[in-house]
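Below is one structure; the comments refer to it alone.
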Amino acid sequence: MKNNLIALSIFSLAFAVVLGSWLIAEGIRENAVSGKELVITTTPPKEIAQAHMFTMTELASYLGLSEADVEKLGPVPTGDGITNSILPYLRIGDTIYYPKEAVDRWLREMEIDIAY
């Protein structure tokens, strides 16, 4: 019984490897026929690896608001080293940055809240 189980396991593994190889080869062949380029990278492209960070002035321009309005939405000290902020931000030293992806996500969430 144990020998049959081992043989069945080996056969199943071999079948899975052959089937997986065939599926990969078919995918590559379809991309070659359709003219799509197959790109395999181990490191992300430079533009993906670098997150864009806005300063207050850049964020105001991006949102179409005044700097005073952005300042009201940004981090406001409430005491005991705690700050409140409507906008997502990152403080590096004394400089405050607003990550573009986080701001875009916040805008989408605000759009959903307003819609309902």
Side-chain angles (χ1 to χ4, degrees):
M1 178 72 177
K2 187 175 183 180
N3 288 337
N4 290 340
L5 187 58
I6 291 173
L8 182 62
S9 298
I10 291 171
F11 177 76
S12 298
L13 179 62
F15 180 74
V17 168
V18 170
L19 180 63
S21 298
W22 180 77
L23 290 172
I24 291 170
E26 284 298 308
I28 292 172
R29 191 173 299 120
E30 285 178 20
N31 283 341
V33 169
S34 67
K36 294 180 183 174
E37 183 180 346
L38 180 64
V39 178
I40 299 173
T41 59
T42 55
T43 58
K46 199 171 196 177
E47 59 271 5
I48 293 175
Q50 295 178 348
H52 188 271
M53 305 289 255
F54 290 124
T55 62
M56 186 183 303
T57 305
E58 294 170 333
L59 182 62
S61 174
Y62 181 70
L63 295 176
L65 300 172
S66 68
E67 285 188 45
D69 290 337
V70 171
E71 194 171 337
K72 291 176 189 173
L73 297 171
V76 178
T78 59
D80 295 332
I82 299 173
T83 58
N84 280 341
S85 177
I86 295 174
L87 291 171
Y89 72 96
L90 177 65
R91 182 185 305 269
I92 300 176
D94 291 334
T95 308
I96 296 173
Y97 297 100
Y98 301 90
K100 181 183 183 307
E101 299 228 356
V103 170
D104 289 341
R105 188 177 326 113
W106 174 78
L107 285 170
R108 284 191 301 273
E109 289 172 3
M110 292 302 298
E111 188 175 282
I112 290 170
D113 288 343
I114 293 171
Y116 294 103

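For the single chain, residues carry numbers from 1 onward in sequence order. Quick note: numbers below take in every heavy atom, side chains included, and nothing from hydrogens, waters or symmetry partners.
Shown here for Thr83 and Pro77, the closest heavy-atom pair between the two residues is CG2-CA, 3.9 Å. For Ile96 against Pro75, the heavy-atom pair with the smallest separation is CD1-CG, 3.4 Å. Gly74 and Ser85 get closest at one heavy-atom pair: C-OG, 3.4 Å.
The CG atom of Leu63 lies 7.5 Å from the CZ atom of Phe54; values are rounded to the nearest 0.5 Å. Distance CD/Glu101 to CE/Met53: 11.0 Å, rounded to 0.5 Å.
With sequence neighbours left out, Lys100 forms a salt bridge (charged side-chain N to carboxylate O under 4.0 Å, His left out) with Asp104.
For residues 67-76, the side chain to side chain donor-acceptor pair (under 3.5 Å) pairs, not counting sequence neighbours, are Thr57-Glu67, Ser66-Asp69.
Val76 and Leu65 fall into different hydrophobic clusters, where Ile, Leu, Val, Met, Phe, Trp and Tyr are joined by side-chain heavy atoms under 4.5 Å apart, directly or via other members.
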Which atom pairs, donor and acceptor, lie under 3.5 Å between side-chain atoms of residues 11-19 and protein residues at least two apart or in another chain?
from: Ser12; atom 1: OG; to: Leu8; atom 2: O; distance (Å): 2.9

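Annotation: side chain of Trp106 is not in contact with side chain of Pro99 (no heavy-atom distance under 4.5 Å).
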